[in-house]
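One structure is given here, and the rest of the page talks about it.
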Amino acid sequence: MIKKSIAVFLTLVLLCTLLAACAGSGAGNAATLNVYNWGEYIDQTVLEDFEAETGIQVNYTTYANNEEMYSKIVSGAASYDVIVPSEYMISKMIEEDLLAELDFANIPNYSKIGDDYKGLPYDPDEKYSVPYTWGTVVIVYNTKYVDEADVEDESIDLLWNEKYAGKILMFDNPRDAFALAMSKLGYSMNSTTPSEWEAAADELIAQKHLVQAYVMDQVFDKLIGEEAYIAPYYAGDAMAMMEENEDLAAYVPVEGANQFFDSMCVLKNTRHKKEAEQFINFMCDTEIAVRNAEEVCYAIPQVEAYEELDEETKNDTMVYPPAEVLERCEVFVNLPSETLELQSDLWKKLKTHYD
Amino acid sequence: MRKNRDPINKKVMLAPFSGWMVLFVLVPIALVVYYAFSNADRQFTLSNLHWMYEYRGTLWLSVKLSVIATVICMLLAYPIAYAMSRASEKVQRNATLFIMLPMWMNFLVRTYAWMTILEDTGLVNNALRGIAGWFGKEFDGLSLINNHGAIVLGMVYNFLPYMILPIYTALTKISYSLIEAARDLGANGGQVFGKVILPMSVPGIISGITMVFIPSISTFIISKILGGGKDFLIGDLIEDYFLGNSGVVNYNIGAALSLIIMVMILIATFMMNHFDKDAKTSGGGSVI
């Protein structure tokens with residue numbers, strides 16, 4: 001009997017603690033800021049510093065691609081304050097009136113952003129976004145298993161090389177995957193011509209039997225652990241992987257690659273606009289930007305912070321590619337809805353093509 | 001008079017359950033039906049249903065893999081459940097605990113764990129390579145992951161307890177005196193099993209089948225993790241239509257495909273129950 005009462009008592013205590021913990025996270029005098037960012041895309045200690053400095057709690061969650069973030073937001077299933085979409089998604093969201101116009105009086109650190117990264121086509125009047133990082137897509141490969149002769153020409157064709165069947169990874173999101181196929185065929189990755197999309201889909205279907213898996217952030221484990229030898233991915237993450245495994249190398253393919261700009265935006269329906277702007281301002285602070293850049297390895301748009309990076313990073317042509325490489329890269333634009341429909345249908349065609 | 005004997009009105013007792021059912025079962029089903037038969041402009045249409053034909057390959061693959069998983073589960077679960085039901089009470093308690101134990105861990109974590117086991121550089125292949133190396137031989141490794149077999153394995157592993165437990169419960173309910181009676185009447189071991197035990201455990205098998213088949217046919221995460229995200233099952237397709245990962249969100253087609261799975265499950269359950277009834281009339285179902 002006593003044993004039983006003790007058990008009941010302990011259970012109650014446990015429940016109360018749990019409830020208190022839940023209530024505690026919801027209440028509190030300061031605002032809770034919901035930040036929704038890409039996976040593996042921040043130095044978590046920066047968030048702690050922000051909380052300590054401002055007293056604002058950060059509820060940090062992540063997504064794997066722009067489309068996932070977008071559908072979560074339009075479904076209204078959860079509310080977020082700060083998001084970090086890529087350029088084409090920003091144009092789409094501006095068009096659909098989802099983003100708030102920023103009050104730059106609250107973001108004095110905006111002056112630290114280099115002129116090259118301001119007023120880009122996706123936000124020409126500099127109203128809605130503050131650049132976070134930028135980079136290009138690169139092809140990562142393991143020098144231990146991939147013959148030098150196969151990478152000499154730095155071609156996209158490596159992803160279609162039969163020799164490495166079952167050891168190639170591919171993007172698990174249609175926009176990036178189709179962009180590679182488009183570049184391979186010499187088309188623009190912003191093409192709106194249906195026949196070009198069909199041709200690109202045929203390329204991806206032809207590649208399917210060589211692909212080990214379609215992945216996003218799982219690429220880290222698989223390349224570092226040498227489960228796979230070849231994968232296209234974003235330059236900053238590629239750098240991070242190369243630090244973990246010395247045999248990894250990467251190149252921007254000669255056929256061209258996607259250049260992306262991920263920027264911080266505030267959602268229109270936010271209830272904490274001021275705190276959100278405070279957060280954006282904090283992230284642009286030189287010291288914070290340097291720390292964050294050292295962790296995520298992506299190229300940063302803050303001029304002063306860039307100067308403070310170590311020489312090796314500054315001169316890394318993969319993180320900060322020279323002009324002639326950037327020339328062959330292409331920035332995504334928001335596709336018209338017919339093309340998006342087609343992209344979606346063709347992606348499903350690829351995934352429901354059973355060998 | 002009768003009313004006085006019931007301390008609380010039956011209707012009052014049922015109210016929470018009815019409310020729950022309406023809110024979380026009927027309303028969602030009504031929404032699924034509504035979306036399935038309307039288009040983006042909210043007009044009535046049947047055109048969403050043609051996607052069933054369009055995606056027949058996916059439907060077939062999903063049915064095939066979940067049927068295989070269910071059959072394997074049944075073949076594995078029956079002997080285990082039988083042995084458990086015949087063991088001492090202490091063994092029974094511990095065995096139930098061990099079967100439930102993995103379910104205390106998160107489903108995703110359990111499934112990811114299989115990745116580390118099955119990968120080309122995973123536990124199994126490394127162990128085999130080690131053994132081959134011992135004998136001075138080269139071993140390329142087996143491809144155990146990112147194929148349909150791995151998806152079936154994921155289903156079997158995750159849903160096996162749902163097959164064992166109902167069969168075990170059905171078997172423990174069989175009174176031992178019935179078996180003795182059958183023996184007295186001259187039945188040999190095989191006959192006792194075929195004519196008494198098996199028919200009486202049919203209700204357990206049926207609920208086991210339902211509880212394994214339904215989550216298997218609608219899974220989308222097992223195929224993503226263990227199938228390498230290569231081949232969509234019907235659950236992946238529905239997820240994609242609802243979340244729009246491939247660029248377009250379409251609740252209507254997603255709902256139509258969900259409805260098709262629901263109808264398929266309904267038909268399967270109906271057939272099962274029919275089979276169950278037959279078993280009850282011919283077997284000893286009336287005892288339960």
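This structure is a prediction, so every number in the text was calculated from the model and none was measured. To find a chain, count down the sequence lines: A is the first, B the second, and so on, and within it residues start at 1.
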B:N146 side chain to A:A213 main-chain N or O, any donor-acceptor pair under 3.5 Å?
-> no
Can you establish whether the number of heavy atoms outside A:Y63 located under 6.0 Å from its atom OH is more than 12?
-> yes
Given salt bridge (charged side-chain N to carboxylate O under 4.0 Å, His left out), test A:K351 with B:D231 step by step and report yes or no.
-> CA-CA 5 Å; A:K351 293 297 196 96; B:D231 289 350; over 6 Å; no
Which one, A:H353, A:R175, A:K222, A:M69, leads in non-hydrogen pairs under 4.5 Å with chain B?
-> A:K222
Heavy atoms from other residues, nucleotides or ligands near CE of B:M103 exceed 12 (cutoff 6.0 Å) = yes
Contact part of A:N173 toward chain B, heavy-atom cut-off under 4.5 Å: side chain, backbone, both or neither?
-> neither
Pair A:D172 + B:K224: basic N to acidic O under 4.0 Å | no
Where the side chain of A:E227 meets the backbone of B:T121, is there a donor-acceptor pair that is under 3.5 Å apart?
-> yes
Quick check: does any side chain N or O of A:Q343 sit under 3.5 Å from a backbone N or O of B:S246, one acting as donor and the other as acceptor?
-> yes
Of the listed residues (A:S71, A:S337, A:A64, A:G166), which shares the most heavy-atom pairs with chain B below a 4.5 Å separation?
-> A:S71
Short side-chain donor-acceptor distance under 3.5 Å, A:Y354 and B:T58 | yes
Does OH belonging to A:Y41 count more than 12 external heavy atoms closer than 6.0 Å?
-> yes
Tell me, with the steps shown, if B:D240 and A:K348 meet side-chain contact (heavy atoms from CB on, under 4.5 Å).
-> CA-CA 9 Å; B:D240 194 284; A:K348 291 188 187 91; 3.1 Å; yes
For A:E226, is it the side chain, the backbone, both, or neither that has a heavy atom closer than 4.5 Å to a heavy atom of chain B?
-> backbone
Return yes when atom CZ of B:F44 has more than 12 non-hydrogen atoms of other residues, nucleotides or ligands closer than 6.0 Å, and no otherwise.
-> yes
Any donor-acceptor pair under 3.5 Å from B:K230 side chain to A:K208 backbone | no
Atom group of A:K72 that falls short of 4.5 Å from chain B, counting heavy atoms | neither
Exam field: side chain B:Y55 to backbone A:T352, donor-acceptor pair closer than 3.5 Å = no
What closest approach, in Å, do A:Y214 and B:G229 show between heavy atoms, and which atom pair accounts for it?
-> CD1-O, 3.5 Å
Is the number of heavy atoms from other residues, nucleotides or ligands under 6.0 Å of B:N106 CG greater than 12?
-> yes
